[in-house]
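Notes for the one structure printed next.
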Protein chains: 2
Amino acid sequence: MDSGTTYSALLTPAEVARLFRVDPKTVTRWAMSGKLSPLRTLGGHRRYRREEVERLLAESSEQH
Amino acid sequence: MDSGTTYSALLTPAEVARLFRVDPKTVTRWAMSGKLSPLRTLGGHRRYRREEVERLLAESSEQH
DNA sequence: TGATACTAGGGTAATTCGGGTA
DNA sequence: AGTGTCCGAATTACCCTAGTAT
């Protein structure tokens, strides 16, 4: 029942940027350097996996 | 729409949109530009082949 | 037959892309 | 080395009303 009308496993560049408090362009650079492995819309825009982003967030708070 | 429990070889615009984290209208644009080849219901609504959509999803996460 | 959710279509904002720069 | 910003072009998101799907 309603298996995800509001939830998505993918995040937009702006959403990732808000989580890290950086500019979306910086998120793009992380992707280009291989630190993130996003998929692409058919128009070429990046979509990031929530699971991957949250894992990196957790790791970054461990080592502080 | 019961998209979580019932399997179908055809996907609605909303289902495709959720997979790519885009607006359903964007999926329509992909169809109009030839990036997707949907069927049409007798009333004119588009239905997308799951096989085609999943193939494009897989390709989008490859590195190139 | 009615009720509700979704889609088509068109228009107009808002994001994102890529490159270059500070 | 890592970010933030400016730019133009391209892509995507949100607004509406009428018609379709279930």
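Convention: sequence-line order gives letters A, B, ...; per-chain numbering from 1.
Look at T28(A) and you won't find any side-chain N or O under 4.0 angstrom from OP1 or OP2 of dG18(C).
Whole-Å rounding puts the W30(A) CH2 to dT16(C) P distance at 14 Å. Atom-to-atom, CZ of R40(B) to C1' of dA8(C) comes out at 8 Å; the value is rounded to the nearest Å. L10(A) places its CG atom 16 Å from the C1' atom of dT16(C), with the value rounded to the nearest Å.
Contacts with DNA chain D (heavy atom under 4.0 Å) in residues 18-27 of chain A: V22(A), D23(A), K25(A), T26(A), listed by number. Listed by residue number, the members of residues 41-49 of chain A with any heavy atom below 4.0 angstrom from DNA chain C are G44(A), H45(A), R46(A).
With sequence neighbours left out, T28(A) forms a side-chain hydrogen bond (donor to acceptor under 3.5 Å, both in side chains) with no residue at all. Listed by chain and number, the residues in a salt bridge (charged side-chain N to carboxylate O under 4.0 Å, His left out) with R49(A) amount to none (sequence neighbours excluded). Checked against salt bridge (charged side-chain N to carboxylate O under 4.0 Å, His left out), E52(B) has no partners two or more places apart in sequence or in another chain. With sequence neighbours excluded, the residues forming a side-chain hydrogen bond (donor to acceptor under 3.5 Å, both in side chains) with R29(B) are T26(B), listed by chain and number. Under the ring pair (Phe, Tyr, Trp, His ring centres under 6.0 Å) criterion, Y48(A) pairs with no residue, sequence neighbours left out.
Closest non-hydrogen pair, S61(B) versus A58(B), comes out as OG-O, 2.9 Å.
Across every strand in view, dA22(C) sits in a pair with dT3(D) that passes the Watson-Crick or G-U test at under 3.5 angstrom.
Grouping Ile, Leu, Val, Met, Phe, Trp and Tyr by side-chain contacts under 4.5 Å, direct or through others, puts L39(B) with L10(B). With a 4.5 Å cut-off between side-chain heavy atoms of Ile, Leu, Val, Met, Phe, Trp and Tyr, the cluster of L42(B) takes in none.
Under the side-chain contact (heavy atoms from CB on, under 4.5 Å) rule, R46(B) has a single partner from P38(B), S37(B), P24(B), which is P38(B).
Close approach of DNA chain D to chain B, defined as any atom under 4.0 Å from a non-hydrogen atom of the protein, starts and stops at dT12(D) to dA21(D).
Electrostatic pairing of E59(B) and R55(B) counts as a salt bridge here, judged by a charged N lying under 4.0 Å from a carboxylate O.
Taking the screw axis at each terminus of the helix from dA3(C)-dT22(D) to dG19(C)-dC6(D) from five consecutive base pairs, the angle between the two is 60° to within rounding of 10 degrees.
Under the 6.0 Å distance and 45° angle rule, R50(B) counts as a cation-pi partner of Y7(B).
Remark on DNA chain D: of its neighbouring residues K35(A) and T12(A), the 5'-side contact belongs to K35(A), judged by nearest-heavy-atom nucleotide.
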For residues 12-19 of chain A, dump all side-chain donor-acceptor pairs below 3.5 Å to protein atoms at least two apart in sequence or in another chain.
| unit_1 | atom_1 | unit_2 | atom_2 | d |
| --- | --- | --- | --- | --- |
| T12(A) | OG1 | E15(A) | N | 3.3 |
| T12(A) | OG1 | E15(A) | OE1 | 3.4 |
| E15(A) | OE1 | T12(A) | N | 2.9 |
| E15(A) | OE1 | R21(B) | NH2 | 3.1 |
| E15(A) | OE2 | R21(B) | NH2 | 2.5 |

Walk me through it: do L56(A) and W30(A) pass the test side-chain contact (heavy atoms from CB on, under 4.5 Å)? CA-CA 12 Å; L56(A) 292 174; W30(A) 293 346; over 6 Å; no

